[in-house]
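Here's the structure we're looking at; comments come further down.
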Amino acid sequence: MGLPKSIQFPLTIAGLLSPVLFSFSVPLPLSALPQQWQVSLSFPATSDRGAPARTAGGATRGVQCISFTETPLTVLMPANNVGTTVSANPTVFWYVPETEASSAEFTLFDESRNKVYQTTFAITDTPGIVKLELPATRTDGKETLETGKEYVWELALICNQGDRTDDLFVSGVLARTEISPTLKNQIDNSTPLEQAKLYSQAKIWSETVKTLAELHHSFPEEWETLLESVGLETLVEAPLVNCCTAKTDLSESETELLPDELTNE
């Protein structure tokens with residue numbers, strides 16, 4: 001069945017309100033999959049709309065808290081750095097190189113550059129790919145991402161708590177869209193791998209990358225193909241770090257991240 005042509009597509013870093021658990025099951029050979037799912041999962045090409053670069057810029061003086069000889073701070077997004085999503089609280093993924101920084105700050109802005117959400121969280125176990133899941137609602141009760149709207153986010157790696165001009169920044173765009181009832185029904189009645197393929201075909205980035213991140217141990221070839229299809233082949237072998245989660249009973253100005261091993265006791 002063809003998918004609607006009009007559909008576009010989608011951060012706690014390190015898991016936020018409910019951490020994603022990554023499977024460690026034994027990979028299945030592609031030959032064991034149904035014939036229709038033996039096709040590599042490549043994300044469709046996206047138009048260049050002038051969004052920010054996917055790699056870090058920022059401090060040009062003072063403290064440099066990462067090594068610039070390896071892959072830089074990089075967001076896992078399509079080439080145009082626009083993460084389309086059908087969720088009010090998508091998950092955003094970044095590659096964080098080995099760093100002396102112990103924390104990062106994430107800020108989300110609406111189309112008028114009003115601050116919608118902000119949190120600071122711990123950075124541990126780098127280098128690796130870390131994730132951030134946005135809360136479903138803001139402190140005013142509204143959905144964090146509203147359908148049909150775009151949001152700009154910024155991630156600051158805090159290199160020097162005493163001088164924030166040394167921060168390293170990466171930024172991008174999140175755009176919440178809708179899918180048709182037919183596609184939603186297909187997804188609801190599909191296996192996780194099939195869901196990833198349907199989201200990818202519909203150019204829904206956030207759900208594609210989140211689903212495959214959860215499956216990457218079972219289907220490493222699909223994870224590799226997805227990253228290569230958006231020009232992130234240098235991150236294929238990077239480990240997925242599940243270091244942190246957030247308390248959910250705090251206001252956004254008080255949000256605090258704790259290591260998973262403490263919150264799961």
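Predicted, not measured: the structure shown is a model, and the values here were computed from it. Below, each value reflects all heavy atoms present in this structure, side chains not excepted, and no hydrogens, waters or symmetry copies.
Heavy-atom contacts from other residues, nucleotides or ligands closer than 6.0 Å to CD of E111 number more than 12. The neighbour count for E98 CD, taken as heavy atoms of other residues, nucleotides or ligands under 6.0 Å away, does not exceed 12.
Inter-residue side-chain proximity for L168 and L155 is flagged as unmet; no heavy-atom pair is nearer than 4.5 Å. Counting heavy atoms from C-beta outward, K210 and E133 have side chains that approach closer than 4.5 Å. Inter-residue side-chain proximity for V130 and D125 is flagged as unmet; no heavy-atom pair is nearer than 4.5 Å. Residues V230 and L76 form no side-chain contact, since every pair of their non-hydrogen atoms from C-beta on lies 4.5 Å or further apart. Residues E150 and L174 are not in side-chain contact: their nearest non-hydrogen atoms beyond the backbone lie 4.5 Å or more apart. When side chains are defined from C-beta on, S200 does not count as touching S42, because their heavy atoms never get closer than 4.5 Å. Taking 4.5 Å as the limit, some side-chain heavy atom of L157 sits within range of a side-chain heavy atom of T99. Between P192 and L215 the shortest side-chain heavy-atom distance falls below 4.5 Å.
D188 meets the salt bridge (Lys or Arg N to Asp or Glu O under 4.0 Å) test with K184; sequence neighbours excluded. Every residue two or more places apart in sequence or in another chain that forms a salt bridge (Lys or Arg N to Asp or Glu O under 4.0 Å) with E105 is listed here: R164.
Taking both residues in full, the closest heavy atoms of L73 and I66 are given as N-CD1, 4.4 Å, listed atom of the first, atom of the second, then distance. The two residues I123 and T126 come nearest to each other via the heavy atoms CG2-CG2, 3.6 Å. Y95 and T71 make their closest contact through CE2-O, 3.4 Å (heavy atoms, listed as atom of the first residue, atom of the second, distance). Here the closest heavy-atom approach between residue V241 and residue G128 is recorded as CG2-CA, 3.7 Å. Across L145 and R176, no two heavy atoms sit closer than the pair O-NH1, 2.7 Å. Heavy-atom minimum distance, E146 versus Y151: N-OH, 2.9 Å.
With values rounded to the nearest 0.5 angstrom, T234 atom OG1 is found 9.0 Å from L227 atom CG. Atoms CD1 and CG, from I158 and D163 in turn, are 12.0 Å apart once rounded to the nearest 0.5 Å. The CD atom of E233 sits 10.0 Å away from the CD atom of E224 when rounded to the nearest 0.5 Å. Here the OG atom belonging to S190 is positioned 9.0 Å from the CG atom belonging to L183, to the nearest 0.5 angstrom. Rounding to the nearest 0.5 angstrom, the gap separating the CG atom in L41 from the CD atom in Q201 is 8.0 Å. Here the straight-line distance linking atom OG of S180 with atom CD of Q186 works out to 7.5 Å at 0.5 Å rounding.
For the residue pair E143/T137, the side-chain donor-acceptor check at 3.5 Å is not satisfied. Between the side chains of E214 and T211, not a single donor N or O lies within less than 3.5 Å of an accepting N or O. In summary, the side chains of T85 and E207 do present a donor paired with an acceptor at a separation below 3.5 Å, with no hydrogens or angles considered. Side chains of Q195 and T208: a donor-acceptor N/O pair is absent below 3.5 angstrom, by distance only.
Ring geometry, W94 versus W153: the interplanar angle exceeds 60°, so the pair is classed perpendicular (tilted spans 30 to 60°).
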Run the numbers on I187 and I179 for side chain to side chain contact (heavy atoms under 4.5 Å, CB included), then give the verdict. CA-CA 10 Å; I187 291 171; I179 56 177; 3.9 Å; yes
For salt bridge (charged side-chain N to carboxylate O under 4.0 Å, His left out), just list the numbers for E154 and R113, CA-CA rounded to whole Å, side-chain angles, deciding distance to a tenth of an Å, and then say yes or no. CA-CA 12 Å; E154 292 179 349; R113 293 293 293 183; 3.6 Å; yes
With side chain to side chain donor-acceptor pair (under 3.5 Å) as the criterion, how do S102 and Q161 come out once you've worked through the C-alpha distance, each side chain's angles and the decisive distance to 0.1 Å? CA-CA 10 Å; S102 59; Q161 291 283 358; 5.0 Å; no
Determine, stepwise, if the pair T147 / E178 fulfils side chain to side chain donor-acceptor pair (under 3.5 Å). CA-CA 7 Å; T147 302; E178 290 183 304; 4.9 Å; no
Evaluate the side chain to side chain contact (heavy atoms under 4.5 Å, CB included) criterion for residues N81 and V173: first the C-alpha distance (whole Å), next the side-chain angles of each, then the deciding distance (0.1 Å), finally the verdict. CA-CA 6 Å; N81 203 1; V173 176; over 6 Å; no
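Between the side chain of S87 and the backbone N or O of N89 there is at least one donor-acceptor pair closer than 3.5 Å. Using modelled atom types, one side-chain atom of N189 and one backbone atom of N185 make a donor-acceptor pair closer than 3.5 Å.
Here K197 does not pair with E194 in a salt bridge; the nearest charged N to carboxylate O distance is not below 4.0 Å.
Tracing side-chain contacts under 4.5 Å through hydrophobic residues (I, L, V, M, F, W, Y), one never reaches V75 starting from F109; they form parts of separate clusters.
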